[in-house]
Amino acid sequence: MSAPCVRMSGRCVSQFLSCFSRTAVRNGGFRQFSSSSVSRAASQTQSVTDRVERASSPWTLMAAVCLQRLPVISSECSAIEQQFTHMMHQMELEKSLLSDHELRLLEDAERMSRKQADDYDSDEEDDRGDQEIMLTQDLEDSWEQKLKNFQPALRVTADVDKDLTSSERCLADSLLLLAEQQVGGEKLWLLPQTQWQEGETLRQTAERALASLPAGFKATFLGNAPCGVYKYKLPKAARTESSVGTKVFFFKAILSDSCPPAAQSAPFLWVKKSELQRYLKPAYMMKVDRFILSQ
């Protein structure tokens with residue numbers, strides 16, 4: 001008896017709710033929206049909000065390029081690296097097989113020993129035996145002569161290494177480009193930067209900052225996303241409602257072509273990571289140090 005009552009009560013409640021929902025929709029003039037229309041309206045609202053925020057942002061946007069010249073030669077090995085290299089060479093020598101040239105030398109030495117023996121029979125030897133012996137010896141002599149005449153290039157060039165405007169200095173280290181720029185009433189050494197303009201991306205702004213330098217560097221940018229950001233506020237006396245401070249976004253790039261040495265009065269320098277603290281402000285240096293590798 002209780003089971004039919006439960007079914008009837010459940011049916012009555014569901015019918016009442018369905019009738020109520022149809023009546024409310026018909027009387028209130030409600031309309032169903034698809035998920036695509038809702039998401040499209042939300043994206044349009046968000047884009048309008050972003051444009052309004054950018055237009056009314058009190059921060060000045062700038063983009064800077066972190067241009068690095070990668071090491072040209074390998075760095076000097078430490079004491080433990082030299083020991084490990086010697087050990088690997090010794091293991092390779094003990095486990096290696098003889099090369100074709102070494103096998104030819106052994107064959108030539110055996111042929112010469114047979115010729116010096118009393119029971120030597122020339123008919124058993126190949127007609128080209130003497131020629132092969134001479135060719136093998138000639139090869140070794142020419143290789144030794146080339147080795148004696150070879151003069152390796154200097155790893156350290158004192159004159160070039162002291163020239164901070166040359167990208168050919170300190171070939172075993174990674175160098176970073178600094179440019180002298182006017183900030184307010186002061187000239188500072190900074191990563192090349194310029195102000196963002198309406199209609200361009202921040203990467204395009206960084207490319208324009210690099211192209212504005214007189215040397216005409218050719219670089220390969222490593223991505224469209226910034227690798228770091230530096231934010232600073234203007235002095236309180238210079239702040240306004242529309243101008244509070246500046247945000248600088250950094251983009252990484254690699255020097256893809258060597259450039260000729262510039263004049264001593266050039267407004268840029270090539271420095272190592274250990275030399276950055278001589279030219280950069282401490283707060284600026286702290287932000288830059290996070291995304292610059294020493295090698």
Side-chain angles (χ1 to χ4, degrees), residues 49-70 164-165 167 170 173-256 266-295:
T49 304
D50 293 342
R51 287 197 296 269
V52 172
E53 289 180 354
R54 285 200 301 267
S56 60
S57 176
W59 294 92
T60 301
L61 300 182
M62 303 189 73
V65 54
C66 175
L67 181 62
Q68 285 186 285
R69 191 224 64 190
L70 298 179
L164 297 179
T165 61
S167 62
C170 302
D173 298 305
S174 178
L175 300 182
L176 183 70
L177 179 66
L178 297 181
E180 189 179 29
Q181 298 189 343
Q182 187 78 23
V183 179
E186 186 180 5
K187 285 188 176 182
L188 300 176
W189 288 106
L190 304 170
L191 300 181
Q193 65 182 28
T194 189
Q195 186 172 350
W196 172 79
Q197 294 180 357
E198 186 71 28
E200 67 180 4
T201 63
L202 286 174
R203 169 171 169 170
Q204 291 173 344
T205 306
E207 293 174 349
R208 183 163 54 85
L210 185 61
S212 63
L213 297 178
F217 300 107
K218 295 182 180 179
T220 302
F221 280 76
L222 300 184
N224 296 323
C227 59
V229 61
Y230 173 67
K231 179 176 67 175
Y232 64 92
K233 291 185 177 180
L234 297 174
K236 292 184 178 180
R239 294 180 195 173
T240 61
E241 293 183 358
S242 60
S243 180
V244 174
T246 302
K247 293 182 180 179
V248 184
F249 296 89
F250 302 100
F251 289 81
K252 273 194 172 185
I254 301 299
L255 185 67
S256 56
F268 56 84
L269 301 175
W270 289 99
V271 297
K272 299 184 292 185
K273 184 178 180 180
S274 59
E275 300 171 340
L276 286 176
Q277 57 186 356
R278 305 179 191 174
Y279 304 96
L280 302 182
K281 296 289 185 180
Y284 190 84
M285 173 65 189
M286 182 178 63
K287 297 294 184 181
V288 172
D289 185 69
R290 295 179 179 178
F291 56 82
I292 296 180
L293 301 177
S294 59
Q295 295 294 340

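Only heavy atoms go into these numbers, but all of them, side chains included; no hydrogens, no water, no symmetry mates.
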(message) Could you go through F217 and F268, starting from their C-alpha distance and side-chain angles, then the distance that decides it, and tell me whether this counts as ring pair (Phe, Tyr, Trp, His ring centres under 6.0 Å)?
(response) CA-CA 12 Å; F217 300 107; F268 56 84; 5.3 Å; yes
(request) Test L61 against Q195 for side chain to side chain contact (heavy atoms under 4.5 Å, CB included), laying out the working first. (result) CA-CA 6 Å; L61 300 182; Q195 186 172 350; over 6 Å; no
(request) Go through the steps to decide whether C66 and I292 satisfy the test side chain to side chain contact (heavy atoms under 4.5 Å, CB included), and finish with yes or no. (result) CA-CA 8 Å; C66 175; I292 296 180; 4.0 Å; yes
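The aromatic ring centres of F221 and F251 sit 6.0 Å or more apart.
Applying the salt bridge (charged side-chain N to carboxylate O under 4.0 Å, His left out) test to every pair with at least one member in residues 213-233, sequence neighbours left out, gives no pairs at all.
Evaluation of the side-chain contact (heavy atoms from CB on, under 4.5 Å) rule for T194 yields T205, R208, A209 as partners, not counting sequence neighbours. Listed by chain and number, the residues in a side-chain contact (heavy atoms from CB on, under 4.5 Å) with T201 are R203, Q204 (sequence neighbours excluded). Under the rule for a salt bridge (charged side-chain N to carboxylate O under 4.0 Å, His left out), K187 has no partner lying at least two apart in sequence or in another chain. Qualifying salt bridge (charged side-chain N to carboxylate O under 4.0 Å, His left out) partners for K272, counting only residues two or more places apart in sequence or in other chains: D173. With sequence neighbours excluded, the residues forming a side-chain contact (heavy atoms from CB on, under 4.5 Å) with V229 are F249, listed by chain and number.
Classification of the F291-F250 ring pair by plane angle, with boundaries at 30° and 60°, yields tilted.
No side-chain heavy atom of K273 sits less than 4.5 Å from a side-chain heavy atom of L175. Within the 4.5 Å cutoff, the side chain of L177 has heavy atoms near those of the P192 side chain. When side chains are defined from C-beta on, L176 does not count as touching L67, because their heavy atoms never get closer than 4.5 Å.
Rounding to the nearest 0.5 Å gives a distance of 6.0 Å between CG of L178 and CG of L269. Note: L280 CG to M286 CE = 12.5 Å, rounded to the nearest 0.5 Å. Annotation: the span from K281 atom NZ to Y230 atom OH amounts to 9.5 Å, rounded to 0.5 Å. Note: E200 CD to E207 CD = 9.5 Å, rounded to the nearest 0.5 Å. The line from OG1 of T246 to CG of L234 is 5.5 Å long, rounded to the nearest 0.5 Å. Atoms CG and CZ, from L255 and R69 in turn, are 8.5 Å apart once rounded to the nearest 0.5 Å.
Of all the heavy atoms in L276 and M285, the pair that sits closest is CB-SD, 3.6 Å. The two residues V65 and L191 make their nearest non-hydrogen contact at O-CB, 3.7 Å. Between A63 and L202 the shortest heavy-atom distance is CB-O, 3.4 Å.
Of the possible polar contacts, none joining the Q68 side chain to the S174 backbone as a donor-acceptor pair under 3.5 Å is found.
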